[in-house]
Chemist: 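So that we are looking at the same thing, I have put the structure below in structure tokens.
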Amino acid sequence: MQELGVVHRTITRAAEVDVKALSEFGVSTIHEAMGRLGLMRPYIRPVYPGAALCGTAVTVLLQPGDNWMMHVAAEQVQPGDVLVAACTTESEDGFFGDLLATSLQARGAAGLVIDGGCRDVATLQEMDFPVFSRAINSKGTVKATLGSVNIPVVCANALVHPGDVVIADVDGVVVVPAARASDVAAAARKREDNEESKRRRFAAGELGLDIYSMREPLAAAGLRYVD
Ligand SMILES: O=C([O-])CC(=O)C(=O)O
Ligand SMILES: [Mg+2]
């Protein structure tokens with residue numbers, strides 16, 4: 001996050017096949033599958049119900065109150081990319097709205113994750129352009145200060161390199177490093193299959209106490225039942 005005034009035009013995106021594989025899983029499953037890593041802070045929320053996205057990161061570092069770099073970043077977006085916008089300091093300004101969304105959508109973007117504010121939300125919902133932000137805020141921004149595009153950024157506590165896979169749904173936002181995308185997708189599949197068998201047992205009335213063999217360790221820990 002140190003390099004200002006630069007646009008990296010060549011980035012290595014995660015393989016399409018891995019992005020597609022990851023798109024089949026929810027954020028919680030992927031976060032667990034990668035060893036409980038990669039989550040953004042939970043204050044990043046979808047701006048409308050049902051918003052969800054999965055794609056490769058194009059990153060942008062913004063200055064507070066200034067969305068100049070969003071327009072610079074738009075040119076670097078390719079179909080299937082998710083724009084990930086970090087800010088040099090905490091800011092809830094309305095950096096993004098339906099005009100920028102129209103531009104990104106025209107370039108095939110899969111959505112936006114921004115550690116800042118977003119506006120024009122009703123139109124974004126109509127457009128079905130998924131945005132995850134820290135605030136919904138009408139407050140306008142100027143175009144005067146350089147940031148950077150496609151540098152590694154920290155967005156809501158998550159380190160994001162250009163080309164990483166970003167997945168967002170109602171549970172939150174998770175970032176999978178491009179080099180781990182294939183392994184994490186395989187681990188997520190395994191986890192989901194395992195959960196499905198547990199789901200069936202819970203539905204049939206079995207208790208977690210028995211499914212997870214908890215009775216013995218609970219007794220060893222001194223748990224007493226009083227009738
Ligand atoms: O224009 C801006 O600065 C942000 C906005 O509202 C839009 O993109 O529609
Ligand atoms: Mg607007």
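Read the numbers this way: they start at 1 and go in the same order the structure lists the ligands and their atoms.
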Chemist: Using 4.0 Å as the upper bound for N to carboxylate O, is an ion pair formed by Glu32 and Arg36?
Modeler: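 Judged by the 4.0 Å cut-off on N to carboxylate O distance, Arg36 and Glu32 do form a salt bridge.
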Chemist: Any salt bridge linking Asp210 with Arg215? Criterion: basic side-chain nitrogen under 4.0 Å from a carboxylate oxygen.
Modeler: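 Salt bridge present between Asp210 and Arg215.
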Chemist: Quick one: which ligand 1 atoms are inside 4.0 Å of a heavy atom on Lys143?
Modeler: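 Atoms satisfying the 4.0 Å criterion: 3 (O).
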Chemist: Who else is in the cluster with Tyr225 when I, L, V, M, F, W and Y are joined by side-chain contacts under 4.5 Å?
Modeler: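 Cluster partners of Tyr225: Phe202, Leu207, Leu209, Ile211, Tyr212, Met214, Leu218, Leu223.
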Chemist: Any link between Leu146 and Leu62 through a network of hydrophobic side chains (Ile, Leu, Val, Met, Phe, Trp, Tyr) touching at under 4.5 Å?
Modeler: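 Yes.
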Chemist: Under 3.5 Å between some N or O of ligand 1 and some N or O of Gly97?
Modeler: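 Between Gly97 and ligand 1, an N or O pair is found under 3.5 Å apart.
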Chemist: Is the shortest side-chain N to carboxylate O distance from Glu195 to Lys198 below 4.0 Å?
Modeler: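 Salt bridge between Glu195 and Lys198, a charged N being under 4.0 Å from a carboxylate O: no.
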Chemist: Considering only non-hydrogen protein atoms, determine which one is nearest to atom 1 (O) of ligand 1 and report residue, atom name and distance to 0.1 Å.
Modeler: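 Looking only at protein heavy atoms, the one closest to atom 1 (O) of ligand 1 is Arg119 NH2, 4.0 Å.
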Chemist: Restricting to N/O/S, name the atom of Asp120 that gets closest to the Mg ion (ligand 2).
Modeler: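 Nearest N/O/S atom: OD2.
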Chemist: Suppose we measure from atom 3 (O) of ligand 1 to each protein heavy atom; which comes out shortest, and what is that distance?
Modeler: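 It is Asn67 ND2, 2.9 Å.
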Chemist: What part of Met70, side chain from CB on, backbone N/CA/C/O, both or neither, has a heavy atom under 4.0 Å from ligand 1?
Modeler: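 Neither part.
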Chemist: With atoms numbered from 1 as shown, which atoms in ligand 1 lie under 4.0 angstrom from a non-hydrogen atom of Leu100?
Modeler: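 That gives atoms 7 (C), 8 (O) of ligand 1.
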Chemist: For Asp120, counting its heavy atoms only, list the atoms of ligand 1 lying under 4.0 Å from any of them.
Modeler: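 Atoms satisfying the 4.0 Å criterion: 5 (C), 6 (O), 7 (C), 9 (O).
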Chemist: Does atom CD of Glu75 have more than 12 heavy-atom neighbours from other groups under 6.0 Å away?
Modeler: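 No.
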Chemist: Under 4.0 Å from a heavy atom of Leu99: which atoms of ligand 1 are those, numbered in the order shown and with their elements?
Modeler: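 Numbered from 1, ligand 1 contributes 7 (C), 8 (O), 9 (O).
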Chemist: State plainly whether the residues Asp93 and Lys139 are in salt-bridge range, i.e. N to O under 4.0 Å.
Modeler: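 Looking at Asp93 and Lys139, the cut-off is not met.
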